[in-house]
Amino acid sequence: MMRIAVASDNELVTEHFGHCERFILFDAENNKIVKSKTIENPGHKPGFLPNFLADHSVNVIISGGMGSGAVDIFNQKNIEVIVGATGKAKDAVEAYLKGSLKSTGSICHEHQHHNECGE
């Protein structure tokens, strides 16, 4: 069983991980989605969300952009980070499971901006 979290707003992959409305958790077996559930974003605090998602047994996180601090924490916890994703959350997960979704390395370097990630 693999659990993939997608940072999302209105079922779409969000541009900035920490500011998303919610996370959609997809459970996959044999490269197929078998279950999904949604959890609300409990709030953006530096270092909190990677640990929160690790506590939910996440193996992969998909987002449009993400700060380097969050990426570092995910890496320390052996959680794969895919950034640069766009479109519907479920489509992104299906692309990942097929091997066609690759991380672009879109790291946010400033915390002040919002909706400007992906540079």
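Remember, predicted model here, so these are calculated numbers, not experimental data.
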Check your understanding: What are the two closest heavy atoms between Ile79 and Val60, and how far apart are they?
Key -> CG2-N, 3.9 Å

Point to revise | side-chain contact (heavy atoms from CB on, under 4.5 Å) against Glu29, all qualifying residues, sequence neighbours excluded | key: Met1, Val34

Exercise for review: Could you list all the ring-ring contact (aromatic ring centres under 6.0 Å, His included) pairs where at least one residue sits in residues 62-91, not counting sequence neighbours?
Suggested key: Phe17-Phe74

Point to revise | Side chain to side chain, Leu101 and Ile82, heavy atoms closer than 4.5 Å | key: yes

Review point. Can you list the residues that meet the salt bridge (charged side-chain N to carboxylate O under 4.0 Å, His left out) rule with Asp72, with sequence neighbours excluded?
Key: none

Practice item. Just jot down the side-chain contact (heavy atoms from CB on, under 4.5 Å) partners of Asn75, sequence neighbours excluded, or say none. Key: Val71, Val81

Exercise for review: Start with the C-alpha distance between Leu25 and Ile4, add both sets of side-chain angles, then the distance that settles side-chain contact (heavy atoms from CB on, under 4.5 Å), and finish with yes or no.
Suggested key: CA-CA 6 Å; Leu25 305 181; Ile4 303 165; over 6 Å; no

Check your understanding: Ile39, Met66: one ILVMFWY side-chain cluster at the under-4.5 Å cut-off?
Key -> yes

Exercise for review: Sequence neighbours left out, what passes salt bridge (charged side-chain N to carboxylate O under 4.0 Å, His left out) with Lys88? Give chain and number order.
Suggested key: none

Exercise for review: Indicate yes or no for a side-chain donor-acceptor contact from Ser103 to the backbone of Val83 under 3.5 Å, with no hydrogens or angles considered.
Suggested key: yes

Revision key, fill the gap. Heavy-atom closest pair (Glu11 atom, Ser8 atom, distance to 0.1 Å) is C-CB, 4.4 Å

**Study point:** Under 3.5 Å donor-acceptor, Asn41 side chain and Gly43 backbone
**Key:** yes

Exercise for review: Just do the side-chain contact (heavy atoms from CB on, under 4.5 Å) check on Thr14 and Ser63 with the steps written out, would you?
Suggested key: CA-CA 6 Å; Thr14 189; Ser63 184; 4.3 Å; yes

Practice item. Return the minimal non-hydrogen interatomic distance between Arg3 and Asp27, and the atom names on each side. Key: NE-OD1, 2.7 Å

Check your understanding: For residues 30-39, which residue pairs qualify under side chain to side chain donor-acceptor pair (under 3.5 Å), counting only residues two or more places apart or in two chains?
Key -> none

**Study point:** For Glu40, salt bridge (charged side-chain N to carboxylate O under 4.0 Å, His left out) partners two or more places apart
**Key:** Arg22

Point to revise | Side-chain hydrophobic cluster, 4.5 Å single linkage: members besides Ile73 | key: none

**Study point:** Donor-acceptor contact below 3.5 Å, side chain Lys45 vs main chain Pro42
**Key:** no

Per-pair distances, 0.1 Å, donor-acceptor, side chain in residues 89-96, under 3.5 Å, sequence neighbours excluded:
unit_1, atom_1, unit_2, atom_2, d
Tyr96, OH, Glu80, OE1, 2.5

Study note, to complete from the structure: Heavy atoms of Ile62 and Ala85 approach each other most closely as CG2-CB, 3.5 Å

Quick one: side chains of residues 46-58, donor-acceptor pairs under 3.5 Å with protein atoms, not counting sequence neighbours, listed by atom name and distance.
unit_1, atom_1, unit_2, atom_2, d
Asn51, OD1, Lys77, NZ, 3.2
Asn51, ND2, Gly47, O, 2.8
His56, ND1, Phe52, O, 3.0

Practice item. Dump the intermediate steps for side-chain contact (heavy atoms from CB on, under 4.5 Å) on Glu15 and Thr86, then the final yes or no. Key: CA-CA 8 Å; Glu15 287 185 28; Thr86 59; over 6 Å; no

